[in-house]
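Reckoned from all heavy atoms, side chains included, excluding hydrogens, waters and symmetry mates. Chain letters run A, B, ... following the sequence lines, proteins first and then strands; every chain starts at 1. In this text the structure is predicted, and so the values were computed from the model without any measurement.
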2 protein chains.
Amino acid sequence: MNGIHNLSAGCPEFPAVLERVFGFAASVQQYMEAGLAAHGLSRARATVVWLVHRGGPQTQRALAKAIGVTARNITALVDGLEESGFVRRTAHPDDRRALLVQLTDQGKAVTAGLAAEYERHSAYLFAGLSEEQVRQFVATMDTVMGRLAQVATATADR
Amino acid sequence: MNGIHNLSAGCPEFPAVLERVFGFAASVQQYMEAGLAAHGLSRARATVVWLVHRGGPQTQRALAKAIGVTARNITALVDGLEESGFVRRTAHPDDRRALLVQLTDQGKAVTAGLAAEYERHSAYLFAGLSEEQVRQFVATMDTVMGRLAQVATATADR
DNA sequence: GACAGATTGTGTATGCCATTCACTATGTAT
DNA sequence: ATACATAGTGAATGGCATACACAATCTGTC
């Protein structure tokens, strides 16, 4: 406002913004987990279900790689999902070591239910915002996410 | 684009947006936890440290209420933080049942280090965005957070 | 075809986060 | 003085995630 602009940044009061981003992320995750819990799913298990829903029957190894956790962890998650009836393990047609994880009818029902619920909620969460505002919001999220990845690799290489 | 607008919403493709919000939240938390881990803190323990940093010496009960977890959980978290030297338990001056949790010098050093690090990163994360863009981003986060709270209480009451 | 090395899944052990229930010690109000 | 509430913790349980070790299987090479 005083005519002097910070070239390297573009906006003052960044730390406060990052703190709010942290709070926002926490709220979103809390909301998400509450919704999943109502359907008998935890965040970790829901991630598995969602990946199988998206990508079709997959080996546990593929799921481990996609989620970024150890294979052993997937075994435990699929154990739980199988016990509660969301997924089923089947023999891999070509590889006798591997197992294919696929959704049961109950698993398909819950993904459909969740998708419908999130669609309904989405309409409410962003109601009143213009198309342009939502577009901008998504764009900024993408920008920040990209930079986060860069910061992560930069600190990992150090 | 075809001239027909959805009055109740204002923007199409909401479900995709919510999915991206979920992804954004996950990325942010992953980034945050990585930064904390580099300083020897987990998310849960860092929350305690941050609250004590913000609010000064407090009872474990107050921390439990502020974070929204059980008192028993705080006992365990403070146990860990005390063992690694971030906080110290002191007798409450007026209430012999209660303990005050306060930061050690190491605890103060780590909060200062984290704050500095986040400030540096913030400048990078939002670099290139105009002040107005950042303001809009924060405003939208606030709007969505408020609605999330409403959805949460609505489903809790049901 | 046999053998070395990689891959797939899982047993065992460990650690953190978080909960419930039960209990002691202490504070508070009647 | 008695009844009730509050502060912290022990014991037990469960989910998430890891590391290490191991058997079964696949793959490439000689």
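Counting non-hydrogen atoms of neighbouring residues, nucleotides and ligands closer than 6.0 angstrom, the CD atom of B:Glu117 exceeds 12 such neighbours. The number of heavy-atom neighbours closer than 6.0 Å to CD of B:Gln30, taken from other residues, nucleotides and ligands shown, is 12 or below.
Side chains of B:Tyr118 and A:Glu19: a donor-acceptor N/O pair is absent below 3.5 angstrom, by distance only. Under 3.5 Å, the side chains of B:Thr90 and B:Gln102 contain a donor-acceptor pair of N or O atoms.
Side-chain contact between B:Leu103 and B:Val110: absent, with no pair of heavy atoms (C-beta onward) separated by less than 4.5 Å. You'll find the side chain of A:Val21 stays beyond 4.5 Å of the side chain of A:Val144, heavy atoms only. A:His121 is listed as a side-chain neighbour of A:Tyr31, based on a closest heavy-atom distance under 4.5 Å. Within the 4.5 Å cutoff, the side chain of B:Gln58 has no heavy atoms near those of the B:Val101 side chain.
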Using a cut-off of 4.0 Å between protein heavy atoms and nucleotide atoms, how would you tag nucleotides 24-30 of chain C 5' to 3' with B, S and -? -BBS---

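For the segment residues 34-56 of chain A, residues with any heavy atom less than 4.0 angstrom from an atom of DNA chain D are, sorted by number, A:Ser42, A:Arg43, A:Ala44, A:Arg45.
Electrostatic pairing of B:Arg89 and B:Glu82 counts as a salt bridge here, judged by a charged N lying under 4.0 Å from a carboxylate O.
To the nearest angstrom, P of C:dC17 lies 16 Å from CD of A:Gln29. Here D:dG8 presents its C1' atom at 13 Å from CD of B:Glu82, a figure rounded to the nearest Å. Across the protein-nucleic acid pair, B:Glu33 atom CD and D:dC16 atom P stand 15 Å apart, rounded to whole Å.
Between A:Phe137 and A:Phe24, the ring-plane angle classifies as perpendicular under the 30° and 60° cut-offs.
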Using nucleotides 10-13 of chain C, report all nitrogen or oxygen pairs with the protein that are shorter than 3.5 Å.
| from | atom 1 | to | atom 2 | distance (Å) |
| --- | --- | --- | --- | --- |
| C:dT10 | OP2 | A:Gln60 | OE1 | 3.3 |
| C:dT10 | OP2 | A:Gln60 | NE2 | 2.9 |
| C:dT10 | OP2 | A:Thr75 | OG1 | 3.1 |
| C:dT10 | OP2 | A:Arg89 | NH1 | 3.1 |
| C:dG11 | N7 | A:Arg72 | NE | 2.9 |
| C:dT12 | O4 | A:Arg72 | NE | 3.3 |

